[in-house]
Amino acid sequence: QVQLVESGGGLVQAGDSLRLSCAGSGRAFSSYVLGWFRQAPGKEREFVAVIRWSDLRTYYADSVKGRFTISRDNAENTVRLQMNSLKPEDTAVYYCAARTGWVLARTPKEYDYWGQGTQVTVSS
């Protein structure tokens, strides 16, 4: 069983930066794919970014490409999301998720494990 705990959310102004972390326990992530998703009020959960632990291959949603960076810390079994140039439309609850395998999955249903989420609010 994998447990995921997100941290790092908060209230910031447009143009500011935040770094989210997702600490994993229960398994080493060497054969996992880790993703970040977000969900704004009244909207469906949407894909943000994904990383394959083994080879660091990444993929981003168009809406965050060039502003967000996903990375992993092998020693701490943690995946991070560096968010720069934040916009009000980035406001959402951010979730990390994990799945085994090779595919850089981009839909929520493809993931087996989820964290509890962390709120990110960007004011204009």
Side-chain angles (χ1 to χ4, degrees):
Q1 188 74 10
V2 172
Q3 291 83 40
L4 303 171
V5 179
E6 300 98 334
S7 61
L11 172 62
V12 297
Q13 294 186 331
D16 286 350
S17 298
L18 273 177
R19 190 178 75 165
L20 306 183
S21 295
C22 174
S25 61
R27 292 281 177 87
F29 284 146
S30 57
S31 60
Y32 279 71
V33 167
L34 280 296
W36 283 98
F37 290 79
R38 64 188 183 186
Q39 188 166 18
K43 295 188 176 181
E44 294 187 352
R45 193 167 296 189
E46 66 173 3
F47 167 75
V48 175
V50 60
I51 187 168
R52 188 159 54 216
W53 198 270
S54 59
D55 64 0
L56 301 180
R57 180 73 182 272
T58 60
Y59 191 86
Y60 296 90
D62 287 344
S63 58
V64 307
K65 202 172 294 182
R67 299 188 298 123
F68 290 11
T69 303
I70 188 171
S71 63
R72 59 92 162 144
D73 184 326
N74 196 45
E76 297 189 5
N77 219 38
T78 294
V79 61
R80 295 191 172 91
L81 186 69
Q82 178 67 43
M83 306 186 295
N84 298 329
S85 302
L86 282 161
K87 305 175 181 179
E89 52 263 44
D90 295 318
T91 295
V93 178
Y94 283 70
Y95 298 89
C96 70
R99 56 163 285 158
T100 56
W102 188 253
V103 175
L104 294 173
R106 284 165 268 169
T107 63
K109 65 180 181 181
E110 297 178 87
Y111 286 80
D112 302 309
Y113 306 100
W114 290 85
Q116 83 288 349
T118 186
Q119 177 71 47
V120 172
T121 304
V122 185
S123 63
S124 57

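Values reported hereafter were calculated over all heavy atoms of this structure, with side chains retained and with hydrogens, waters and symmetry mates removed. The chain is numbered in sequence order, starting from 1.
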For [Y], is there any backbone N or O sitting under 3.5 Å from a side-chain donor or acceptor partner on [X]?
{"X": "Arg27", "Y": "Val2", "value": "no"}
{"X": "Arg72", "Y": "Trp53", "value": "yes"}
{"X": "Gln13", "Y": "Ser123", "value": "no"}
{"X": "Arg19", "Y": "Gly8", "value": "no"}
{"X": "Ser54", "Y": "Ser31", "value": "no"}

Are [Y] and [X] connected into the same hydrophobic cluster when the rule is that any two of I, L, V, M, F, W, Y join if their side-chain heavy atoms are below 4.5 Å apart?
{"X": "Val93", "Y": "Leu86", "result": "no"}
{"X": "Phe47", "Y": "Ile51", "result": "no"}
{"X": "Leu18", "Y": "Tyr95", "result": "no"}
{"X": "Val120", "Y": "Tyr60", "result": "yes"}

* Structure fact -> Tightest non-hydrogen contact, residues Ala23 and Thr78, listed as CA-OG1, 3.8 Å
* To do: List the atom of Ser124, the atom of Pro88, and the distance in Å for their closest heavy-atom pair.
  =>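 Nearest heavy atoms, Ser124 then Pro88: CB-CG, 3.8 Å.
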* Under-4.0 Å salt bridge between Lys87 and Asp90 -> no
If you round to the nearest 0.5 Å, how far is [atom2] of [Y] from [atom1] of [X]?
{"X": "Cys22", "Y": "Gln116", "atom1": "SG", "atom2": "CD", "result": "8.5 Å"}
{"X": "Ser63", "Y": "Phe68", "atom1": "OG", "atom2": "CZ", "result": "7.5 Å"}
{"X": "Asp16", "Y": "Met83", "atom1": "CG", "atom2": "CE", "result": "11.0 Å"}
{"X": "Trp114", "Y": "Phe37", "atom1": "CH2", "atom2": "CZ", "result": "4.5 Å"}
{"X": "Ser25", "Y": "Leu4", "atom1": "OG", "atom2": "CG", "result": "7.5 Å"}
{"X": "Leu34", "Y": "Tyr113", "atom1": "CG", "atom2": "OH", "result": "12.0 Å"}

* Between Tyr94 and Arg38: side-chain donor-acceptor atoms closer than 3.5 Å ->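 The answer is yes; a qualifying pair exists.
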* Within 6.0 angstrom of Lys65 NZ, more than 12 heavy atoms from elsewhere ->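 For Lys65, atom NZ is crowded (more than 12 foreign heavy atoms under 6.0 Å).
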* Hey, does Gln1 have a side-chain heavy atom less than 4.5 Å from the side chain of Gln3? -> yes
* Asked: Which residue, Arg45, Glu46, Glu44, forms the side chain to side chain donor-acceptor pair (under 3.5 Å) with Gln39?
  ->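 It is Arg45, the one option of Arg45, Glu46, Glu44 that forms the side chain to side chain donor-acceptor pair (under 3.5 Å) with Gln39.
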* Asked: side-chain contact (heavy atoms from CB on, under 4.5 Å) with Val79: which of Ile70, Val50, Leu20, Asp73?
  ->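 Going through Ile70, Val50, Leu20, Asp73 one by one, the side-chain contact (heavy atoms from CB on, under 4.5 Å) with Val79 is satisfied by Ile70 alone.
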